Visitor: 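Provided herewith is a single structure, encoded as structure tokens, for subsequent inquiry.
None of these values were measured; they are calculated from a predicted model.
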Amino acid sequence: MVRITLKDGTCKEFEAAPTAGEVAASIGAGLAKAALGAKVNGELVDLAHRIPTDSTLEIVTAKNRDGTVSAESLYLLRHSCAHVMAEAITRLFPGVQLVYGPPLETNFYYDMSFPPGSVMSTDDFARVEAEMGKIIEENRAFTRFNLPVEEGMEKLTREGSKYKLDNARRAVEAGSNELSWYATGTPGRDWEDLCRGPHVPSTGKIGAFKVLSLASSYWKGDEKSDRLTRVYGTAFATKEELAQFTKQSEEAKKRDHRVLGKQLKLFHIDEMVGQGLVLWTPNGGIVRSELQNFIGTELRRQGYFQVFTPHIGKLELYRTSGHFPYYRESQYPPIIEHDAMAKLADEGCTCGELSNRMAAGEVDGYMLKPMNCPHHIRIFASEPRSYRDLPVRLAEFGTVYRWEQSGEIGGMTRVRGFTQDDAHLFVREDQIAEEVLGCLSIVKLIFGTLGIEDYRVRVGLRDPDSQKYVGDSENWDKAEAACRNAVATLGVPFSEEPGEAAFYGPKIDFVVKDVIGRSWQLGTVQVDYNLPIRFDLSYVGADNKSHRPVMIHRAPFGSMERFVGVLIEHFAGAFPLWLSPEQVRVLPISEKSAEYANELLAALKARGIRASVDHANDRVQAKIKVAAEAKIPYMAVVGPRDAEQRAVSVRARGVEANLGEMSFDAFVDGIAAEFEQRLLSGAPGTVQATLGSASKA
RNA sequence: GCCGCUAUAGCUCAAUUGGCAGAGCACCUGAUUUGUAAUCUGGAGGUUACCGGUUCAAUUCCGGUUAGCGGCUCCA
């Protein structure tokens with residue numbers, strides 16, 4: 001007797017161990033038909049999975065009870081579709097070896113190795129999709145069969161499948177005592193793949209699919225290993241869901257900061273200047289300086305000192321910090337002095353020798369700074385410090401340069417030159433906790449003001465097996481504890497991730513996703529016991545003895561480039577008033593109202609508001625369209641009627657209607673207040689909300 | 001750096017098998033004086049990213065360079 005407890009608490013009894021599918025059938029024919037898989041004791045399995053002992057069971061269908069799309073069903077569909085795609089590709093490209101094909105959050109991929117001379121290109125997608133369509137049409141069952149390890153290995157060896165053999169070996173190492181295959185149809189006759197499953201019952205259950213893109217990958221993620229071709233696709237239960245996905249992808253593309261950056265003239269990257277070097281155009285410059293002013297105010301409040309340091313420093317500085325040898329490959333090459341260069345040329349020094357001699361410290365030069373900390377450290381060290389002076393908090397919008405790999409560069413989120421809203425706090429050990437909290441509070445303030453809610457916090461800890469870290473483990477333990485405690489006090493969920501620490505200390509990172517789902521690190525707070533040692537920093541304690549300070553590195557925005565890039569996507573280019581390059585556009589109905597429009601403009605400008613008048617010889621409808629496309633928060637339409645009453649007709653971005661009239665002064669005051677308070681668009685207190693609620697009343 | 005794709009007017013995109021490079025928007029003219037998401041007219045705008053090759057002829061085919069896109073790898 002096997003007792004199966006269902007999700008609603010009811011219990012079903014079976015004489016012999018039933019399959020998950022049989023349980024579904026016992027509940028109802030409709031459910032059995034809709035079933036794609038099952039969760040037995042929380043574990044996702046095939047419908048054909050036999051349940052030998054008392055268990056809880058949940059049938060997985062395309063939709064949950066509440067009508068939402070079930071994540072488990074998508075997992076099953078995509079995993080199964082990966083098999084279908086692999087079968088189609090192996091049919092069309094003989095000799096292709098399969099590697100690994102997992103489902104992901106919004107899609108799936110299959111890594112494969114094409115034989116020499118055989119290449120798949122995007123032009124082949126239609127052929128592949130047609131072949132996949134046939135396989136789905138045939139509605140063949142996914143049939144699992146297991147083989148003992150030895151027999152399975154022998155089979156894979158016979159088939160010459162290098163990658164699958166390796167997958168099997170790892171499965172065995174992980175404790176499997178047998179190997180499983182899935183045949184798409186009948187084992188021995190139809191296409192099959194080594195796979196641990198689970199899958200949907202048959203290919204026909206895949207309602208909609210699409211081959212998305214081609215990419216390359218490395219076997220086991222190791223760049224020294226085999227290069228593989230990765231084919232991405234996606235699958236859904238219905239065509240409607242696929243259409244929805246396609247539509248969402250297109251919408252996301254419109255919010256992409258690279259698209260909006262061009263459209264709204266926020267930044268420009270110029271081939272003649274260099275890859276990954278951002279030029280902030282006037283509009284982007286406004287967004288950036290507003291953000292910098294915002295945080296600048298907070299920094300003064302928290303007792304930071306503003307400092308300024310040059311963009312380069314001697315190699316010796318970075319040898320001392322440890323950056324030069326450690327990150328040599330990802331820095332712009334050093335700058336060598338004229339005399340030194342001439343001397344080396346006379347000696348017939350080769351490039352290789354030069355590189356070695358610079359690393360060894362025999363040749364000096366300068367480097368574009370990859371980090372601001374060494375400069376700030378030298379400021380701290382420039383005068384004797386007493387324990388009473390601490391914490392010393394040095395802040396700078398410091399621009400740094402890193403030689404990122406060419407294939408990794410893109411938009412504003414991954415660049416070669418960027419400005420960190422950097423600060424370094426030199427503190428006593430007993431001050432660490434409070435200061436880290438202070439840093440976190442700035443991040444919280446920024447995210448709160450901008451309405452960024454969708455982020456995660458990562459506490460990066462050292463990987464005990466790695467050699468890349470400097471300093472002793474006792475200090476590491478203390479620093480890690482400080483980070484953990486501070487984040488816990490903050491009251492936000494976080495994850496601890498070993499191996500994610502910087503080489504000099506643990507860190508707290510704030511990570512957000514862009515429109516295409518890629519994660520980016522923004523704000524960061526790092527505790528560092530090591531650089532003070534490397535630079536032999538000290539302060540005089542209350543005991544009149546010399547003590548070592550601890551450093552905290554922090555950058556709440558991270559880099560201005562990346563932050564603004566992410567912010568453009570967050571707001572879809574529709575910045576709140578205080579960040580908008582143009583805050584108000586005055587739209588005279590005709591030339592007859594030009595004078596009144598200019599008067600309004602002057603009043604706005606007198607309050608520091610960024611406004612303009614559209615004097616174009618166009619109808620107001622056209623002016624509205626142009627202003628709407630420029631994503632300007634407010635339009636003030638003025639005609640003879642308004643001039644007579646000293647009023648303005650207000651439109652707010654995103655609202656396709658005239659919000660109503662406001663007096664000239666009330667409008668100017670309202671905009672100024674919304675600006676000053678850095679309100680989010682439509683929030684209580686904004687001109688939009690005031691007019692909106694008035695019109696409702 | 002690696003794999004695949006892409007590069008045409010300021011922007012978005014066309015251009016049959018290789019045969020005179022085109023549209024919309026933006027820009028400049030002129031008319032219109034307009035009340036809530038595009039009024040009409042005319043004009044200007046190009047070494048088809050760059051370098052080389054094949055050909056009577058190259059935007060189109062081939063090679064290279066540069067840059068962009070999607071991934072991989074990396075990310076102090």
Side-chain angles (χ1 to χ4, degrees), chain A residues 107 109 111 114 119-125 212-232 253 256 258-259 262-263 265 269-272 274-276 318 321-324 326-327 329-331 369-374 400 402-411 413-415 420 460 468 470 500-505 507 509 516 518 520-521 524 526 528 531 553 555 562 587-594 616-629 635-642 649-651 653 655-661:
Chain A
N107 53 9
Y109 67 78
D111 276 347
F114 282 73
V119 187
M120 179 167 163
S121 97
T122 46
D123 297 336
D124 298 312
F125 285 5
L212 295 174
S213 62
L214 276 173
S216 89
S217 62
Y218 300 106
W219 190 29
K220 297 180 190 173
D222 177 4
E223 63 179 320
K224 291 187 190 71
S225 186
D226 300 7
R227 215 165 31 235
L228 306 172
T229 300
R230 176 170 295 183
V231 190
Y232 282 86
K253 217 172 155 189
D256 191 313
R258 291 164 296 193
V259 173
K262 193 176 274 182
Q263 198 183 315
K265 296 186 184 168
I269 295 170
D270 193 280
E271 200 173 321
M272 197 179 255
Q275 208 187 0
Y318 301 107
S321 70
H323 290 111
F324 179 57
Y326 190 82
Y327 287 108
E329 296 305 313
S330 49
Q331 288 163 352
K369 67 178 174 189
M371 286 283 275
N372 298 305
C373 25
V400 298
R402 297 176 188 177
W403 188 261
E404 304 289 356
Q405 297 186 83
S406 62
E408 188 54 59
I409 293 171
T413 42
R414 196 73 192 267
V415 292
Q420 297 175 312
K468 80 169 193 178
V470 297
E500 290 296 319
F503 74 91
Y504 49 71
K507 55 181 186 168
D509 291 332
I516 28 187
R518 292 180 293 204
W520 297 103
Q521 177 198 312
T524 181
Q526 312 176 353
D528 179 4
L531 281 178
H553 309 239
R562 180 175 289 180
L587 309 181
I589 296 286
S590 75
E591 241 168 79
K592 290 175 188 163
S593 307
N617 192 2
D618 272 323
R619 292 168 59 195
V620 74
Q621 288 91 325
K623 296 180 184 182
I624 288 169
K625 183 165 190 351
V626 169
E629 279 175 356
M635 296 175 222
V637 178
V638 292
R641 223 158 56 207
D642 303 282
S649 297
V650 182
R651 282 185 74 115
R653 180 186 52 208
V655 184
E656 290 202 24
N658 180 1
L659 283 180
E661 302 210 335

Visitor: Taking any heavy-atom pair under 4.0 Å as a contact, classify Val637(A): base, sugar-phosphate, or nothing.
Guide: base
Visitor: To the nearest Å, how far apart are Asn372(A) CG and A76(B) C1'?
Guide: 11 Å
Visitor: Looking only at atom P, what distance separates U34(B) and U39(B), rounded to whole Å?
Guide: 15 Å
Visitor: Pick the P atom in A49(B) and in C56(B), then give their distance to the nearest Å.
Guide: 24 Å
Visitor: For residues Asp509(A) and Glu500(A), determine if any side-chain heavy atom of one lies less than 4.5 Å from a side-chain heavy atom of the other.
Guide: no
Visitor: Can you check the Ile409(A) CD1 to C69(B) C1' distance for me, whole Å?
Guide: 14 Å
Visitor: Ignoring hydrogens and angles, does a donor from either the side chain of Asn658(A) or the base of G35(B) sit under 3.5 Å from an acceptor on the other?
Guide: no
Visitor: Quick one: list whatever passes ring-ring contact (aromatic ring centres under 6.0 Å, His included) with Trp520(A), sequence neighbours left out.
Guide: none
Visitor: Taking C-beta and beyond as the side chain, do Phe324(A) and Gln331(A) meet within less than 4.5 Å on heavy atoms?
Guide: yes
Visitor: What are the atom names and distances for every N/O pair under 3.5 Å that joins the protein to nucleotides 2-9 of chain B?
Guide:
unit_1, atom_1, unit_2, atom_2, d
C2(B), O2', Arg227(A), NE, 3.0
C2(B), O2', Arg227(A), NH1, 3.3
C2(B), O2, Ser216(A), OG, 3.3
C3(B), O2, Ser216(A), N, 3.3

Visitor: Drop me the distance from Leu587(A)'s CG to Arg619(A)'s CZ, to the nearest 0.5 angstrom.
Guide: 14.0 Å
Visitor: NZ of Lys265(A): more than 12 outside heavy atoms within 6.0 angstrom?
Guide: no
Visitor: Please classify the nucleic acid contact of Tyr326(A) as base, sugar-phosphate, or nothing, using heavy-atom distances under 4.0 Å.
Guide: nothing
Visitor: Expressed in angstrom and rounded to an integer, what is the separation of Glu500(A) atom CD from C74(B) atom P?
Guide: 11 Å
Visitor: Expressed in angstrom and rounded to an integer, what is the separation of Phe125(A) atom CZ from G71(B) atom P?
Guide: 13 Å
Visitor: Which dot-bracket notation, 5' to 3', represents the base pairing of RNA chain B when pairs are defined as Watson-Crick or G-U with both distances under 3.5 Å, crossing pairs as [ ], and inter-strand pairs as |?
Guide: (((((((..((((.....[..)))).((.((.......)).)).....(((((..]....))))))))))))....
Visitor: Let me spell it out: for each of Ser217(A) and Gln526(A), pick the nucleotide of RNA chain B with the closest heavy atom. Which residue's pick is nearer the 5' end?
Guide: Ser217(A)
Visitor: Using a 4.0 Å heavy-atom cut-off, does Gly322(A) contact any base of the nucleic acid, only the sugar-phosphate backbone, or nothing at all?
Guide: nothing
Visitor: What integer distance in Å separates Gln420(A):CD from C75(B):C1'?
Guide: 12 Å
Visitor: Does Asp222(A) pair with Lys220(A) as a salt bridge, N-O distance under 4.0 Å?
Guide: no
Visitor: With heavy atoms under 4.0 Å as the rule, sort Lys507(A) into base, sugar-phosphate or nothing.
Guide: sugar-phosphate
Visitor: Using the P atom on both, measure U17(B) against G64(B) and round to a whole Å.
Guide: 25 Å
Visitor: Could you work out the separation of G43(B) and A31(B) based on their C1' atoms and round it to a whole Å?
Guide: 15 Å
Visitor: When you get a sec, tell me which of U36(B), G70(B), C72(B) is the closest nucleotide to the side chain of Arg518(A)?
Guide: G70(B)
Visitor: Take the protein atom CG of Leu587(A) and the nucleotide atom P of U34(B), then report the distance between them rounded to whole Å.
Guide: 17 Å
Visitor: Expressed as a whole number of Å, how far does the P atom of U16(B) sit from that of A7(B)?
Guide: 13 Å
Visitor: When you get a sec, tell me which of A37(B), C72(B), A76(B) is the closest nucleotide to the side chain of Arg651(A)?
Guide: A37(B)
Visitor: Rounded to the nearest 0.5 Å, how far does CE of Met635(A) lie from CD1 of Ile624(A)?
Guide: 6.0 Å
Visitor: Please answer whether A76(B) and Tyr327(A) are stacked, defined here as ring centres separated by less than 5.5 Å and planes angled under 30°.
Guide: yes
Visitor: Looking at Arg414(A), does any N or O in its side chain come under 4.0 Å of the phosphate oxygens OP1/OP2 on C74(B)?
Guide: no
Visitor: Is there any protein nitrogen or oxygen under 3.5 Å from a nitrogen or oxygen in nucleotides 38-44 of chain B, and what are the pairs?
Guide:
unit_1, atom_1, unit_2, atom_2, d
A38(B), N7, Lys625(A), NZ, 3.1
A38(B), N6, Lys625(A), NZ, 3.3
U39(B), OP2, Arg619(A), NH1, 3.2
U39(B), O4, Asn617(A), O, 3.0

Visitor: Tell me what Gly411(A) touches on the nucleic acid: a base, only sugar-phosphate, or nothing, going by heavy atoms under 4.0 Å.
Guide: sugar-phosphate
Visitor: Just call it for Gly639(A): base, sugar-phosphate, or nothing, with non-hydrogen atoms closer than 4.0 Å on any strand.
Guide: base
Visitor: Is any side-chain heavy atom of Asn658(A) closer than 4.5 Å to one of Val637(A)?
Guide: no
Visitor: How many whole angstroms separate atom NZ of Lys220(A) from atom C1' of C72(B)?
Guide: 16 Å
Visitor: How far does the C1' atom of C51(B) sit from the matching atom of U29(B), given to the nearest Å?
Guide: 41 Å
Visitor: Provide the closest heavy-atom pair for Arg562(A) versus Thr413(A) in the form atom of the first, atom of the second, distance.
Guide: NE-O, 2.8 Å
Visitor: Would you measure the distance from the P atom in C13(B) across to the matching atom in C75(B) and give it in whole Å?
Guide: 35 Å
Visitor: Kindly indicate whether the side chain of Lys507(A), heavy atoms from C-beta on, has any atom under 4.5 Å from the side chain of Gln521(A).
Guide: yes
Visitor: Any base atoms under 4.0 Å from Tyr109(A), or only sugar-phosphate, or nothing? Heavy atoms, all strands.
Guide: nothing
Visitor: Expressed in whole Å, how much space separates the P atoms belonging to U60(B) and G18(B)?
Guide: 11 Å
Visitor: Hey, are the side chains of Lys369(A) and Pro374(A) touching, using non-hydrogen atoms and a 4.5 Å cut-off?
Guide: no
Visitor: Figure out the CD/P separation between Glu271(A) and G68(B), and round it to whole Å.
Guide: 7 Å
Visitor: With sugar-phosphate meaning primed atoms plus P, OP1 and OP2, does Glu591(A) contact a base, only sugar-phosphate, or nothing at under 4.0 Å between heavy atoms?
Guide: base
Visitor: Any base atoms under 4.0 Å from Ala628(A), or only sugar-phosphate, or nothing? Heavy atoms, all strands.
Guide: base
Visitor: Taking the six-membered ring for Trp, are Tyr504(A) and His323(A) parallel (under 30°), tilted (30 to 60°) or perpendicular (over 60°)?
Guide: perpendicular
Visitor: Under the salt bridge (charged side-chain N to carboxylate O under 4.0 Å, His left out) test, which residues partner Arg653(A), sequence neighbours left out?
Guide: none
Visitor: Considering only nitrogen or oxygen atoms on both sides, find all protein atoms under 3.5 Å from nucleotides 10-16 of chain B and state each distance.
Guide:
none

Visitor: Which atom names give the shortest non-hydrogen contact between Ile516(A) and Arg518(A), and what distance separates them?
Guide: CD1-NH2, 3.2 Å
Visitor: It should be established whether Arg258(A) places a side-chain nitrogen or oxygen under 4.0 Å from OP1 or OP2 of nucleotide G70(B).
Guide: yes
Visitor: For Ser649(A), report the nucleic acid contact type (base, sugar-phosphate, nothing); a contact means any heavy atom under 4.0 Å.
Guide: base
Visitor: Please confirm whether the backbone N or O of Pro370(A) pairs with a side-chain atom of Arg402(A), one donor and one acceptor, at under 3.5 Å?
Guide: yes
Visitor: Identify, between Ala501(A) and Ser590(A), the residue whose nearest nucleotide on RNA chain B lies closer to the 5' end.
Guide: Ser590(A)
Visitor: Decide yes or no on side-chain contact (heavy atoms from CB on, under 4.5 Å) for Lys224(A) and Tyr218(A), but give the supporting numbers first.
Guide: CA-CA 8 Å; Lys224(A) 291 187 190 71; Tyr218(A) 300 106; over 6 Å; no
Visitor: Under a 4.5 Å cut-off applied to non-hydrogen side-chain atoms, are Cys373(A) and Leu531(A) in contact?
Guide: yes
